[in-house]
Number of protein chains: 2
Amino acid sequence: MATIYDVSFLAGVSLATVSRVVNNTGKVSDKTRQKVHDAMAKLDYRPNTIAQSLASNRSNSVGVLVSQLDGPFYGPMMREIESALRAANKHVIIAAGHSDAAQEKDAVEFLLSRGCDALIVDAEILSNEYLQTLCAGKTPVVLINRHVDGIEDRCVHLNNLEGGLLATGHVLEHGHKRIAYISGPLFKLDARERLEGHKQALKAHGIAFDEQLFFEGDFREEGGYEGMAALLERGIGFSAVVCANDQMASGAIALCLEKGLQVPKDISFVGFDNIPFPRYISPKLTTVCNPIQDMGRMAANWVLRHVYDDSSIDFCHRFEPQLVVRESVLQHRSSTEAVLSVTAAVTSTSNKM
Amino acid sequence: MATIYDVSFLAGVSLATVSRVVNNTGKVSDKTRQKVHDAMAKLDYRPNTIAQSLASNRSNSVGVLVSQLDGPFYGPMMREIESALRAANKHVIIAAGHSDAAQEKDAVEFLLSRGCDALIVDAEILSNEYLQTLCAGKTPVVLINRHVDGIEDRCVHLNNLEGGLLATGHVLEHGHKRIAYISGPLFKLDARERLEGHKQALKAHGIAFDEQLFFEGDFREEGGYEGMAALLERGIGFSAVVCANDQMASGAIALCLEKGLQVPKDISFVGFDNIPFPRYISPKLTTVCNPIQDMGRMAANWVLRHVYDDSSIDFCHRFEPQLVVRESVLQHRSSTEAVLSVTAAVTSTSNKM
DNA sequence: GTTAAAAATGAAAGCGCTTACATTAATCTA
DNA sequence: TAGATTAATGTAAGCGCTTTCATTTTTAAC
């Protein structure tokens, strides 16, 4: 592999001059520039990025931490981050936190030790304090899907409260009164905010929040499934359930179908996030769009702007959700709750056998 | 940030000695080792990985090229690659090819220019020739989901022929005789192999392959949807369709459901890949398991073994598929084909309106 | 107690770049 | 046209490590 020295020798100029034309910095006459370009072409010269990094104290790499690499949620985000960054000739180093405190912390340290110029972090478990400390450190950090006091300018997040309002508002507008809610794990701010939106929507319609209609899930299908089972088990009537994300909605609906309940005829559902579902799924889930790709791109933009000084790039912190109406919510008919109560009773009995 | 120099000064030893204890190479007395460890701890020393890379001519990074970062297929593979590699303290740089020739090539060059120690490549479009040249280059390359003549030892792939055999064999065993097939794009070897498996299974049952029952898809939902439409349009009878991957099966089933056909009552389906579907999908797709995670891990193993000289690691090239029986295939009843022909005729007419 | 062999350590030359600073060439001013 | 600017280029000192080779210290053998 040709080095910068080979180029400078062939072109008959100094190392510094070659460096200048490679990086497009400083003044170089057209004639000299041409000579250097010719030499580079002849030698098929590619700068050694490692040496560049060491000398310039910049690795041109951005670390991205997500909790899962599989699953439908992070893919679109990763895609946007990768393409935005690569277009700027930066590379992305990925690490997964696997929703585990130790692994998540480990991943951050790993990325840091790799000399990333910046980190884009979707922290599930890490505490606010840790993140505040992290952001105070030398390596710039953008937080995605989260907003933390004192470092708001580093956060890219969704207006989850509004999303919760939208979701529950939608079923309320369809006449439902008794609405169950399966939340995300409440140690997470987004789960709490979505729940708060739910409560506010209820309140706005003069309905009291009922603990009996509430279940704390885990943002995973299993949680939705179990939550639905628990809710049904309680033998209380309800005609709709709003889930704090689509995966829990999927689990919850699965249970209903297993029990012979029809969706949305017997029971309406709303999800959250708008993850891609297979085309043949039925009913198609009404949900709240979480523009996670846009947020990914925005995080990349922040890095481009603040770390790589591309001031042409715009930035915004907060994204607004939007309701995506599909097929899983039906106008409320008063008979529904009765059906559900009966079903629940039956289910409950059969479970005990 | 403390440098190796600071450590050597504090410990009262030379740079070389510190380097030896950091890398666990060469001979160092216990006493000295302890002094160095103490100094490192006191200074919270972390080796600068960039400098290490430059000096050792090894970046400890592995480039991974996939065609899509989103979508259900590559996630599990990425997960395994990342965790295997990170456990060995290597980092993975990702790049997406977006199923586009130019972008795929671009991504390879990008990764190469990044000084990766090795590449794990899932090439969709790149030609065999290009890949052969690539493998002949300085940077070791493992090909995943592909086998190319002359570089078999670099390929990790599935026995697609066997998979095709399994899929079609399964519907044949359920008495189906007229079986439609929606293939992947035939410029891809895996698509051709799966199709070949289909043909062999047919032959083994004394059934001739019928072009009328064949549609070349694109491995995407849309292709399955369109393929199904085309097949129905032909007005020929068939009672089952095997799809070269799950996503096309999803699209094809979606069309059937839209047309009022019942699956599997009116028509049976088999997919391929066993991608994760939402729990509430119905019917659950019978498919062929493609152990893509295992293949990802194996590719990582190859790199660990051949590039990072970890000889404790085993390796195998070819993976065997397995049938995953779920709910989308039913025993053939002779009435089915008639139903389908009628439906097709109706559909065809209604389409013309 | 020698001496040879083995073990432990250190000195120093890079790895391929960037960049502050120095130097020289070109252009401008009066 | 001398002197002052400004533009263009070069010199050389790192960046923080690894690694070869030389040197010193320890251990073993007789």
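The sequence lines fix the lettering, A, B, ..., with proteins before strands; numbering per chain opens at 1.
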Could you go over nucleotides 17-19 of chain C and give all protein N or O partners under 3.5 Å, atom names and distances?
unit_1	atom_1	unit_2	atom_2	d
dC17(C)	OP1	Tyr45(A)	OH	3.0
dC17(C)	OP1	Asn48(A)	N	3.2
dC17(C)	OP2	Ile4(A)	N	2.6
dC17(C)	O5'	Tyr45(A)	OH	3.3
dT18(C)	OP1	Asn23(A)	OD1	3.3
dT18(C)	OP1	Asn23(A)	ND2	2.8
dT18(C)	OP1	Gln52(A)	NE2	3.3
dT18(C)	OP2	Ser19(A)	OG	2.4
dT18(C)	OP2	Asn23(A)	ND2	3.4

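- Scanning both residues, Phe219(A) and Ala191(A), for their nearest heavy atoms gives CZ-CB, 4.0 Å.
- The bend of the helix from dG1(C)-dC30(D) to dA30(C)-dT1(D), defined by the angle between the axes of its first five and last five pairs, stands at 30° to the nearest 10°.
- Counting only distance, with no hydrogens or angles, the side chain of Ser99(A) and the backbone of Ser67(A) share no donor-acceptor pair below 3.5 Å.
- Applying the 6.0 Å contact sphere to CG of Asn57(B) captures no more than 12 heavy atoms from other residues, nucleotides or ligands.
- Cation-pi contact between Lys90(B) and Tyr308(B): present, with separation from the ring centre below 6.0 Å and deviation from the ring axis of at most 45°.
- Heavy-atom contacts of chain A under 4.0 Å fall on DNA chain D between two terminal nucleotides, which in 5' to 3' order are dA8(D) to dG16(D).
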Exercise for review: Begin with the C-alpha distance, continue with both residues' side-chain angles, and end with the deciding distance and a verdict on salt bridge (charged side-chain N to carboxylate O under 4.0 Å, His left out) for Arg79(A) and Asp70(B).
Suggested key: CA-CA 6 Å; Arg79(A) 184 195 57 211; Asp70(B) 45 352; 2.4 Å; yes
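- Under the 6.0 Å distance and 45° angle rule, Arg86(A) counts as a cation-pi partner of Phe110(B).
- The separation between Lys31(B) atom NZ and dA7(C) atom P is 18 Å, rounded to whole Å.
- With Asp38(B) as reference, Gln34(B) is the one residue of Lys35(B), Gln34(B), Lys42(B) to meet the side chain to side chain donor-acceptor pair (under 3.5 Å) rule.
- At a threshold of 4.0 angstrom between heavy atoms, the contacts of Gly115(A) with the nucleic acid are absent.
- Checking Ser312(B) against Asp310(B) by side-chain atom types alone, a donor-acceptor pair falls below 3.5 Å.
- By the neighbour-count criterion of 12 heavy atoms within 6.0 Å, atom CZ of Phe187(A) is densely surrounded, having more than that number from other residues, nucleotides or ligands.
- Under the 30°/60° scheme for interplanar angles, the aromatic rings of Phe315(B) and His306(B) are found to stand perpendicular.
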